[in-house]
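Encoded as structure tokens, the structure appears first; notes follow it.
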Protein chains: 2
Amino acid sequence: MSVSGKLELVEEGRKAEDYRLDEQVGFVLRKANQRHLAIFAARIGDLTPPQFAALAKLHEVGETSQNQLGQLIAMDAATIKGVIDRLKVRRLVALAPHARDRRRLLVNLTDEGRTAIEALLPLARDVTDDTLAPLTPREAATFLRLLSKLADG
Amino acid sequence: MSVSGKLELVEEGRKAEDYRLDEQVGFVLRKANQRHLAIFAARIGDLTPPQFAALAKLHEVGETSQNQLGQLIAMDAATIKGVIDRLKVRRLVALAPHARDRRRLLVNLTDEGRTAIEALLPLARDVTDDTLAPLTPREAATFLRLLSKLADG
DNA sequence: GGTATATCATTTGTACACGAACGAATTCCG
DNA sequence: CGGAATTCGTTCGTGTACAAATGATATACC
């Protein structure tokens, strides 16, 4: 029936039966994410990836409002609030009211936060390297290009 | 200084400053996952991806124990329990004790669950297609291959 | 046969993640 | 100017995720 082989890139053999969960992007994406999380936790134990992302982005862009920071690291208002709350308790970030816009809450690194994130950046590179280790450098470059395309829609 | 161009695949320009969060695999992986989740929610509103995964896998393999099912879809015991609990309330799965091993809890689709998952499978294909839409078919094939390599370590 | 070990499921605690609803402050614009 | 629409932050509710502790049952093996 079906012409086997010959660049059959789009698998349109769509019977009700042959849906294989393990081959769906979403499922594999989730598993890849799990593996990355595990590698991250092994290397950077006392900070979660979202917490690290918040600190790293603050280090990149300096003081910003809470929601703005959330947008920069793809977290909605409710999520970023929880992350900042926990970082604040640990004194890695400090909050201040915005001078002219009383709705805004400015977030910035404390000295302690800056020291911490600068110490962690090398480890974060290792996390990236470990995650990409199953791929050759060439594959890794391709993968990152396609992944970005996918993420940005 | 640095030789620009010429297949410089591994970017080893590792100064303390030029860590860009937005280019790290983990971060982009998370964003890609977010986009997929949004597409899934738009197409399959009344079931979450983990719930769908559980039903789809049950449909694939038939009755299994709760933990076994969790392993098949990469969820730990605590997580799969929550998912199954919610599916049970909605009568999409049914639980039964294992005959010879009283520790085990057998999970299976109800008739309603089977009807539901079979109706959803075509939509799930659309979710996959939409997610991969930013890529050409060739790119999508490459991406999935590399992603699987990454996910499996 | 009985103990050491392993497996299955549950519970607890912490941390995202997001939709929806809300109040306060600001901006837009007629 | 002044009301409408937006933006900013908070809260609530639901649903993953995973580590760690626990109890019940099975299996291994001496």
Side-chain angles (χ1 to χ4, degrees), chain A residues 26-27 29-42 44-55 64-90 92-93 95-107, chain B residues 26-27 29-42 44-55 64-90 92-93 95-107:
Chain A
F27 185 74
L29 224 31
R30 177 169 158 276
K31 285 209 303 175
N33 218 40
Q34 280 181 338
R35 177 163 165 274
H36 174 260
L37 276 268
I39 291 170
F40 188 101
I44 305 181
D46 69 317
L47 225 50
T48 66
Q51 289 166 8
F52 173 84
L55 294 185
T64 17
S65 75
Q66 188 174 274
N67 276 4
Q68 171 93 53
L69 178 60
Q71 283 172 20
L72 292 173
I73 55 180
M75 288 179 206
D76 72 1
T79 301
I80 189 67
K81 186 196 188 316
V83 173
I84 293 300
D85 279 354
R86 287 179 283 273
L87 291 175
K88 185 181 60 179
V89 167
R90 296 176 58 177
L92 298 176
V93 302
L95 306 181
H98 188 283
R100 297 191 313 282
D101 188 339
R102 282 185 299 180
R103 292 170 307 177
R104 286 188 219 183
L105 192 57
L106 292 175
V107 188
Chain B
F27 185 73
L29 224 31
R30 178 169 158 275
K31 286 209 301 176
N33 218 39
Q34 280 181 338
R35 177 162 164 275
H36 174 259
L37 276 267
I39 291 170
F40 188 100
I44 304 181
D46 70 319
L47 225 50
T48 65
Q51 289 166 6
F52 172 84
L55 294 185
T64 18
S65 75
Q66 188 175 272
N67 275 5
Q68 172 93 53
L69 178 60
Q71 284 171 19
L72 292 173
I73 55 180
M75 287 179 206
D76 71 2
T79 301
I80 188 67
K81 187 199 188 314
V83 173
I84 293 300
D85 278 355
R86 287 179 283 275
L87 291 174
K88 186 181 59 176
V89 168
R90 296 176 58 176
L92 298 176
V93 301
L95 306 181
H98 188 284
R100 297 192 313 282
D101 188 340
R102 282 186 300 181
R103 293 169 306 176
R104 286 189 218 180
L105 192 56
L106 292 175
V107 188

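Just so it is clear: chains get the letters A, B, ... in the order the sequence lines come, proteins before strands, and each one is counted from 1.
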Select from B:Ser65 and A:Pro50 the residue whose nearest nucleotide in DNA chain C is closer to the 5' end of that strand.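 It is B:Ser65 whose nearest nucleotide is closer to the 5' end.
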
Nearest 0.5 Å, please: how far is [atom2] in [Y] from [atom1] in [X]?
{"X": "B:Gln51", "Y": "B:Ile44", "atom1": "CD", "atom2": "CD1", "value": "11.5 Å"}
{"X": "B:Ile73", "Y": "A:Lys31", "atom1": "CD1", "atom2": "NZ", "value": "11.5 Å"}
{"X": "A:Asp76", "Y": "B:Gln34", "atom1": "CG", "atom2": "CD", "value": "9.0 Å"}
{"X": "A:Arg30", "Y": "A:Leu37", "atom1": "CZ", "atom2": "CG", "value": "11.0 Å"}
{"X": "B:Arg104", "Y": "B:Gln68", "atom1": "CZ", "atom2": "CD", "value": "8.0 Å"}
{"X": "A:Ile84", "Y": "A:Thr79", "atom1": "CD1", "atom2": "OG1", "value": "11.5 Å"}

Where along residues 76-85 of chain B does a heavy atom come under 4.0 Å from DNA chain D, residue by residue in number order?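 Correct list: B:Asp76, B:Ala78, B:Thr79, B:Val83.
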
Whole-Å distance between [N] [atom2] and [X] [atom1]?
{"X": "B:Asn67", "N": "D:dC18", "atom1": "CG", "atom2": "P", "result": "14 Å"}
{"X": "A:Lys31", "N": "D:dT16", "atom1": "NZ", "atom2": "C1'", "result": "18 Å"}
{"X": "B:Leu47", "N": "D:dT14", "atom1": "CG", "atom2": "C1'", "result": "14 Å"}
{"X": "A:Leu105", "N": "C:dA24", "atom1": "CG", "atom2": "P", "result": "17 Å"}
{"X": "B:Asp101", "N": "D:dA24", "atom1": "CG", "atom2": "C1'", "result": "10 Å"}
{"X": "B:Lys88", "N": "C:dA9", "atom1": "NZ", "atom2": "P", "result": "13 Å"}
{"X": "A:Leu69", "N": "D:dC8", "atom1": "CG", "atom2": "C1'", "result": "14 Å"}
{"X": "A:Arg86", "N": "C:dG13", "atom1": "CZ", "atom2": "P", "result": "17 Å"}

Minimum side-chain heavy-atom gap B:Arg90-B:Leu47 below 4.5 Å: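 The answer is yes, as the side chains (C-beta and beyond) meet within the 4.5 Å cut-off.
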
Side-chain contact test, heavy atoms from C-beta onward, threshold under 4.5 Å: evaluate it for A:Lys81 versus A:Asp85 and give yes or no.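 Side chain of A:Lys81 against side chain of A:Asp85, heavy atoms only: contact under 4.5 Å found.
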
For A:Leu69, which of A:Leu106, A:Leu105, A:Ile80 qualifies under side-chain contact (heavy atoms from CB on, under 4.5 Å)?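 Output: one option passes, namely A:Ile80.
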
Contact pattern, 5' to 3', of nucleotides 1-7 of chain C - B, S or - by protein heavy atom under 4.0 Å: ------B

Shortest side-chain distance from B:Arg102, nucleotide among C:dA25, D:dT25, C:dA9: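 My answer, after comparing the listed nucleotides, is D:dT25.
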
At less than 4.0 Å, is any side-chain N or O atom of [X] found next to OP1 or OP2 of [N]? Yes or no.
{"X": "A:Thr48", "N": "C:dC16", "result": "yes"}
{"X": "A:Arg30", "N": "D:dA17", "result": "yes"}
{"X": "B:Arg100", "N": "D:dA26", "result": "no"}
{"X": "B:Gln68", "N": "C:dA9", "result": "no"}

